[in-house]
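Below is one structure; the comments refer to it alone.
Computed over heavy atoms, backbone and side chain alike; hydrogens, waters and symmetry mates excluded. A note on names: the letters A, B, ... follow the listed sequences, proteins ahead of strands, and every chain is numbered from 1.
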2 protein chains.
Amino acid sequence: MTADIAAAKAALAHLELDENPVSLKAKSRDFFWYSPVLKARLDHVVGDFAVAPRTEAEVIEVLRTCYRHNVPVTTRGAGTGNYGQAMPLAGGCVLHMRNMAAVKEIHPGRVIVEPGCLLKDLDAATKAHSGQEIRMFSSTWATATIGGFIAGGSGGVGSCTWGSLRDLGNIIRLRVVTMEEEPRVLEFRGEELARVSHAYGTNGIISEIEMPLAPAYDWVEMFVATDEFDDAMAFAEDLANQDGILIKLATVFEAPIAHDYFQRVKPHVEPATNLVGLMVAPHSMDGFLTFLGRRPRARIIYRSDDNDWARGPGPVFEYGWNHTTLRALKVDPSITYLQVRYGFPRHRELVAKMREKFSPEVLQHLEVLREGGKVIFAGLSLVKFTTEERLDEIVRAHEEAGAMIFNPHRYTLEEGGRQTVDDRQLRFKKEADPKGLLNPGKMIAWDDPDFKYDRVYAYPGMKAAE
Amino acid sequence: MTADIAAAKAALAHLELDENPVSLKAKSRDFFWYSPVLKARLDHVVGDFAVAPRTEAEVIEVLRTCYRHNVPVTTRGAGTGNYGQAMPLAGGCVLHMRNMAAVKEIHPGRVIVEPGCLLKDLDAATKAHSGQEIRMFSSTWATATIGGFIAGGSGGVGSCTWGSLRDLGNIIRLRVVTMEEEPRVLEFRGEELARVSHAYGTNGIISEIEMPLAPAYDWVEMFVATDEFDDAMAFAEDLANQDGILIKLATVFEAPIAHDYFQRVKPHVEPATNLVGLMVAPHSMDGFLTFLGRRPRARIIYRSDDNDWARGPGPVFEYGWNHTTLRALKVDPSITYLQVRYGFPRHRELVAKMREKFSPEVLQHLEVLREGGKVIFAGLSLVKFTTEERLDEIVRAHEEAGAMIFNPHRYTLEEGGRQTVDDRQLRFKKEADPKGLLNPGKMIAWDDPDFKYDRVYAYPGMKAAE
């Protein structure tokens with residue numbers, strides 16, 4: 001099965017095609033370079049051409065054409081993922097969704113939107129229409145697309161209240177185009193959503209999305225400082241457990257993250273300052289200040305609606321989630337990170353254990369989120385990278401203690417997830433992508449069903465560096 | 001200190017005064033007769049006159065006048081409380097708030113309202129204005145006032161998501177008039193709210209309220225049936241723990257409550273049917289139905305947006321909270337109830353224990369609510385009443401097992417609460433009601449600081465039956 005790139009390009013010439021080497025390279029990359037491990041493996045990856053369909057009919061045409069000519073298709077939104085999700089390992093076609101960005105319908109509690117819409121544009125439309133916004137978004141809100149968030153993300157700002165994208169109710173409906181001789185258009189709800197959400201576009205192309213909405217408020221963004229790490233951790237968790245105080249973000253940064261990596265914050269903190277980043281609904285501020293008043297060891301150093309900082313820090317959520325790593329990397333290129341789940345009820349104990357073992361080689365960056373109705377922590381720990389062996393050792397120590405790791409130094413669904421095959425995704429790939437042309441190399445279960453996870457998976461079909 | 005009723009009436013004659021024996025008796029009562037214990041003690045209680053101020057200035061005038069003439073003042077909203085909260089044990093003036101019902105301001109996430117506004121009128125105003133509604137309400141939504149709910153209630157429909165009224169953030173601000181020679185008007189926020197919320201009007205009169213709002217949705221109301229009680233209990237709790245599914249109510253009714261006491265539901269259930277009453281946001285229905293699909297032992301028997309019932313059941317929330325008892329009482333006058341807190345994490349275990357010990361003498365009616373970020377149960381158990389001694393025995397058995405009881409067969413704040421003095425309320429009463437004229441007999445700490453709680457408190461100042 002040989003890809004006939006030239007034939008596919010010729011057949012698609014009437015669409016918005018891009019073969020310019022510079023822009024094509026840009027469209028073939030994401031934030032994979034957060035990881036020195038992925039950087040070493042994926043830096044050369046580039047597609048053969050990119051195409052940006054304007055309609056679902058054009059998506060169908062691209063998929064039909066690429067199917068006929070055996071051309072791999074890797075779909076991308078804005079390329080803000082961190083795991084090479086949208087990188088075309090086998091070359092071929094980069095399906096760029098930027099032209100499909102329409103907000104189609106807005107209703108109380110829900111919106112219907114095309115996948116290429118930026119999160120920020122989606123929120124602007126729903127806010128202007130009826131004072132609503134999406135329940136959760138990645139810290140790349142300003143640049144990321146809703147389709148990329150669903151296909152490649154797991155949660156984010158808002159997950160402290162609403163849980164994760166995978167939780168029932170956080171995606172309502174997905175419309176999906178298959179990669180077959182004659183592509184089909186399917187509508188997924190309920191249990192079927194798990195087939196294609198967080199599947200990196202390996203088994204279908206999302207062409208329309210229905211998402212729940214929450215009320216949009218003028219969130220008050222704050223930084224709260226504490227001298228002791230435990231006080232910061234307790235502050236964030238206990239606040240999230242206040243049922244009457246509506247929050248959208250609670251992030252904990254172990255010292256000296258704020259001082260060393262947050263340049264606009266640095267003048268206002270000491271190296272030993274631990275920080276909590278917050279978004280609180282304006283009508284919950286009285287309750288919040290009452291909560292704060294009970295904690296004399298915590299102090300507000302910044303609030304977005306009332307401060308005297310000469311240079312404002314910008315949105316507080318752009319310090320949390322994956323932006324923490326980004327800011328640290330900019331100051332110290334040797335920094336990388338881990339993704340850890342500290343589950344209820346052992347979450348605080350596990351954090352303490354990992355801190356004792358690894359701080360400051362590993363610094364705690366915790367995101368409060370809800371899982372199964374309980375407040376827990378997602379750790380996006382900052383790691384001072386030395387070698388792959390040491391990184392693996394740190395991963396193992398977390399796993400042995402009971403802190404689950406979602407390894408961000410792997411480009412496959414399985415290795416970056418729970419290291420098990422997702423049968424629903426695999427079964428649907430068999431049905432919807434019989435030639436295995438969608439985002440090849442990202443689903444181990446498809447390529448190598450007997451893979452043992454005893455080493456890093458290396459996709460044999462990866463196009464070599466030229 | 002003798003009350004000069006005649007002088008007070010004369011001084012207030014220009015206001016809306018009521019001395020008609022029939023209507024005055026009605027205005028002196030609430031739903032105290034839910035309890036055979038209170039029924040025996042309070043049935044004769046009646047005020048000397050009622051006055052319905054139109055403005056805060058008139059409230060001040062009433063309080064100034066009654067203070068001068070040593071006349072007790074008991075404030076009432078609609079009289080839908082169950083504990084004699086609004087009953088004038090010492091006679092005197094009934095301060096009826098029905099004329100102060102204006103919705104003054106509506107903003108994103110909050111509303112400013114006068115205390116006499118009906119919950120249903122408040123919701124209608126905020127919904128029409130901007131698609132908002134109050135976070136929680138009592139099952140007497142159609143007839144109760146917001147002031148009465150705050151002064152005499154603790155939570156209700158919505159507490160499964162937002163917790164209780166006492167939780168930080170669920171009341172923003174209260175404006176309060178004191179009972180002094182020259183009444184003062186005070187504004188309370190934060191910690192100060194606890195002085196007067198749930199204080200039965202014993203230490204100040206609420207003249208304005210600022211409450212948080214949530215988005216108003218066309219909630220889908222449902223009854224879900226199960227054959228086993230445990231399946232109903234697990235269904236309600238697990239649903240409330242689904243972070244992405246927005247609910248406003250989850251109530252569990254042990255069999256045969258639905259069959260025996262819910263007349264419109266009876267044709268659709270068996271005596272052995274356990275029931276769950278639900279309100280689910282319309283945009284969460286896909287998630288809800290997916291959740292339901294995972295539970296083959298649960299089945300929807302009614303949904304408000306799609307059913308073939310010849311006679312509709314009316315609002316599902318009017319089967320929950322204190323309406324459950326009301327419906328049972330109408331069928332079987334010997335029924336009364338308890339209020340139980342089954343706290344996390346022992347809530348299910350405690351319910352099972354009490355069921356084993358007392359069913360069917362005590363039938364489980366559970367309301368899902370959030371407390372400290374965890375889903376727990378409030379039990380409003382239906383009790384087949386025999387004697388006060390047996391009722392006390394049942395109460396004791398619950399307390400010994402670790403299930404806290406808020407005794408609804410007592411008319412004092414302390415006995416109906418945690419059986420301890422609330423120092424904040426007492427201190428504020430000393431300041432704001434030096435003569436002890438506000439709702440006398442309801443705060444034991446004021447009347448008898450050394451009371452030992454070893455027997456039912458009997459207010460010595462209670463006006464005798466004529």
Side-chain angles (χ1 to χ4, degrees), chain A residues 107-111 130-132 135-136 159 161-173 189-193 210-218 237-246 280-291 293-294 345 369-375, chain B residues 107-111 130-132 135-136 159 161-173 189-193 210-218 237-246 280-291 293-294 345 369-375:
Chain A
H107 300 279
R110 60 193 178 89
V111 63
S130 44
Q132 300 186 93
R135 287 177 168 180
M136 63 190 75
S159 289
T161 296
W162 295 104
S164 300
L165 277 172
R166 87 178 71 89
D167 290 325
L168 293 179
N170 283 332
I171 302 171
I172 296 176
R173 181 178 57 86
R189 292 175 181 269
E191 301 289 4
E192 295 171 334
L193 292 169
E210 187 169 344
M211 293 291 276
L213 296 174
Y217 296 116
D218 293 328
E237 177 179 13
D238 295 351
L239 177 64
N241 275 321
Q242 288 286 335
D243 302 302
I245 299 179
L246 181 62
V280 176
H283 53 286
S284 285
M285 280 304 291
D286 269 299
F288 172 77
L289 293 172
T290 311
F291 172 87
R294 295 176 183 175
L369 84 160
R370 280 201 173 266
E371 185 185 89
K374 306 293 183 297
V375 170
Chain B
H107 301 280
R110 61 195 176 89
V111 63
S130 43
Q132 302 186 92
R135 287 178 169 180
M136 64 190 76
S159 290
T161 295
W162 295 104
S164 301
L165 276 172
R166 86 177 72 87
D167 290 325
L168 294 180
N170 283 331
I171 302 171
I172 296 176
R173 181 178 57 87
R189 292 175 181 268
E191 301 288 3
E192 295 171 335
L193 292 168
E210 186 168 343
M211 292 292 276
L213 296 174
Y217 296 116
D218 293 329
E237 178 179 12
D238 296 350
L239 178 63
N241 276 321
Q242 288 286 336
D243 303 302
I245 299 179
L246 181 62
V280 176
H283 54 285
S284 285
M285 280 304 292
D286 269 298
F288 172 76
L289 293 172
T290 311
F291 173 86
R294 295 176 184 178
L369 83 161
R370 282 202 171 263
E371 185 186 89
K374 307 292 184 298
V375 170

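Taking B:Ala240, B:Ser284, B:Pro215, B:Pro345 one by one and counting their heavy-atom pairs under 4.5 Å with chain A, the maximum is reached by B:Pro215. Across B:Asp286, B:Asn241, B:Ile245, B:Val375, the residue that shares the most heavy-atom pairs under 4.5 angstrom with chain A is B:Asn241. The most heavy-atom pairs under 4.5 Å with chain A, out of B:Arg110, B:Lys374, B:Met285, B:Arg173, come from B:Lys374. Between chain A and the residues B:Gly163, B:Gly293, B:Gly244, the most heavy-atom pairs under 4.5 angstrom are made by B:Gly244.
Looking at A:Thr161, only its backbone comes within 4.5 Å of chain B, counting heavy atoms on both sides. Only the side chain of A:Arg294 has a heavy atom closer than 4.5 Å to any heavy atom of chain B. Interface remark: A:Phe291 contributes backbone and side-chain atoms alike to the contact with chain B (heavy atom separation under 4.5 Å). When heavy atoms are compared at a cutoff of 4.5 Å, B:Leu213 approaches chain A solely by way of its backbone atoms N, CA, C and O. Neither the backbone nor the side chain of A:Glu210 comes within less than 4.5 Å of any heavy atom in chain B. Using a 4.5 Å cut-off between heavy atoms, A:Leu193 does not touch chain B at all. Contact annotation for B:Glu371: only backbone heavy atoms (N, CA, C, O) come within less than 4.5 Å of a heavy atom of chain A. Contact annotation for A:Gln242: only side-chain heavy atoms (C-beta onward) come within less than 4.5 Å of a heavy atom of chain B. The part of A:Arg189 that comes within reach of chain B is its side chain, from C-beta onward, which places non-hydrogen atoms under 4.5 angstrom from that chain.
Shown here for B:Pro212 and A:His283, the closest heavy-atom pair between the two residues is CB-CD2, 4.0 Å.
Within the model, atoms CD of B:Glu191 and CG of A:Leu289 stand 11.0 Å from one another, a figure rounded to the nearest 0.5 Å. Annotation: the span from B:Leu168 atom CG to A:Phe288 atom CZ amounts to 11.0 Å, rounded to 0.5 Å. One finds the CG atom of A:Asp243 at 9.5 Å from the OG atom of B:Ser159 (value rounded to the nearest 0.5 Å).
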